[in-house]
Structure formats: C-alpha cells, structure tokens
Q: 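Please see the structure below; I have some questions.
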Amino acid sequence: MGKLGNATAKAELGRATWKLLHTMTLRFPEHPNDDERDALKSFFHLASRLYPCGECAAEFQLLLKKFPPQTSSRRAASLWLCALHNQVNERLGKPEFDCAHLEEKYDCGCGDESIVVVEPGTIKGG
Ligand SMILES: Cc1cc2nc3c(=O)[nH]c(=O)nc-3n(C[C@H](O)[C@H](O)[C@H](O)COP(=O)(O)OP(=O)(O)OC[C@H]3O[C@@H](n4cnc5c(N)ncnc54)[C@H](O)[C@@H]3O)c2cc1C
C-alpha cells in the first residue's frame, strides 16, 4: 500500500522551495549573460521535473509551458516567478501576493556581494 500524503510536510516543502526560488531570482544578475540565462531556465525546468511532490511537479511543468521563465534581467525573473507563484496561490485558494513587496520579503543576508561562479574542477576536497 502506498504511503498516505502528509499535507503538513507538503506545505513545509512548498514554503522552503518558494523561499529558495524567490531568493534566487532576486539575486539573479541585473544584466545576465547568455550562460546565466540558460542556467536559470534549465534550473527551473529540472526543478519542475524533479520536485518531490508529484501533483505539484505536474502543475509546475504545465505552468512553465504556459509561462516560460523570463531570464532577461533580475527584475524580469523575479516578477515572472512572483506571477507564477500567484498562479499556484489562485489554484489553491490562497491570497494573491503583491509583487511590489518582493525585495523586502526575501533577503538572503548576503549583502552586496555578487554570485560567485567557480569553474568546474577548481573546487578542492569534498
Ligand atoms: C512549484 C510548486 C508547486 C506547488 N504545487 C502545489 C500543488 O499543486 N498542490 C499543493 O497542495 N501544494 C503545492 N505547492 C505548495 C504550495 O504552493 C504552498 O507552498 C503550501 O501550500 C504552503 O502554503 P503557504 O500558505 O504557507 O504559503 P506559500 O505559498 O508556501 O508561500 C510562502 C510565503 O511566500 C509569500 N508569497 C506568497 N505568494 C507569493 C508570491 N506570488 N511571490 C512571492 N512570495 C509569495 C507569502 O509570504 C507566503 O507566506 C507547490 C509548491 C511549489 C514550490
């Protein structure tokens, strides 16, 4: 017999995931290069395939088809994701979030330092 769903755990996973996704788009470069744009697009497509909750993953994949990731800038990416999350909110009967408040809600505590990209093979140990 399959394991019963656990709504509390599913909601907790959702909150943690949204936090990561929103914080990531709000730290995405203001002027991304092609490689950075490809990375963000691939990340969302892979995340939608590998998301552990099956029902959510199916919904995620449908939404990405309908609303493909916007990767031209930090603003475009973060507003796109905010709108995508609002689509999920609507389906689940949750209130719409005002996307004007994104910046104040998602602070990773990373200050102004930019995202550091390390070339493959340069990380020692592990
Ligand atoms: C891709 C994805 C698909 C999902 N699909 C399903 C599903 O099909 N069925 C299901 O039961 N659950 C699904 N979930 C989980 C669901 O979206 C919620 O995470 C979960 O129900 C907990 O909801 P919550 O009310 O605590 O707030 P959450 O929706 O988790 O949001 C967390 C916090 O983010 C803020 N927030 C809300 N909306 C936005 C927004 N638009 N932009 C930025 N910040 C916002 C609010 O402060 C909110 O409290 C999915 C999660 C993800 C990541």
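Atoms within each ligand, like the ligands themselves, are counted from 1 in listed order.
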Q: Which atom pairs, one a donor and one an acceptor, fall under 3.5 Å between side chains of residues 54-70 and the rest of the protein, sequence neighbours left out?
A:
| residue | atom | partner | partner atom | Å |
| --- | --- | --- | --- | --- |
| Glu55 | OE1 | Lys10 | NZ | 2.7 |
| Glu59 | OE1 | Arg91 | NE | 3.1 |
| Glu59 | OE2 | Arg91 | NE | 3.0 |
| Gln61 | NE2 | Ser48 | O | 2.9 |
| Gln61 | NE2 | Ala57 | O | 3.4 |
| Gln70 | NE2 | Pro68 | O | 3.0 |

Q: Quick one: side-chain hydrogen bond (donor to acceptor under 3.5 Å, both in side chains) pairs with a partner in residues 33-44, sequence neighbours left out?
A: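 For residues 33-44, and leaving out neighbouring residues, the side-chain hydrogen bond (donor to acceptor under 3.5 Å, both in side chains) pairs sorted by first residue read Arg37-Thr71.
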Q: Look only at the side chain of Asn86 and the backbone of Asn89, and say whether a donor-acceptor pair between them is shorter than 3.5 Å.
A: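 No.
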Q: Apply side-chain contact (heavy atoms from CB on, under 4.5 Å) to His101 and list each qualifying residue two or more places apart in sequence or on a separate chain.
A: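 If we apply the side-chain contact (heavy atoms from CB on, under 4.5 Å) test to His101, skipping adjacent residues, the hits are Phe97, Asp98, Glu104.
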Q: Please answer whether the main-chain N or O of Pro29 pairs with a side-chain N or O of Arg74 as donor and acceptor at a distance below 3.5 Å.
A: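 Here the side-chain-to-backbone pair does not exist.
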Q: I need the contact residues for ligand 1: any residue with a non-hydrogen atom closer than 4.0 Å to the ligand, ordered by chain then number.
A: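 Lining ligand 1: Lys10, Ala11, Gly14, Arg15, Thr17, Trp18, His22, Tyr51, Glu55, Cys56, Phe60, Cys82, His85, Asn86, Val88, Asn89, Arg91, Leu92, Lys94, Phe97, Leu102, Lys105, Tyr106.
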Q: Supply the atom-to-atom distance Leu26 CG to Leu21 CG, rounded to the nearest 0.5 angstrom.
A: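 Between Leu26 CG and Leu21 CG, I get 11.0 Å after rounding to 0.5 Å.
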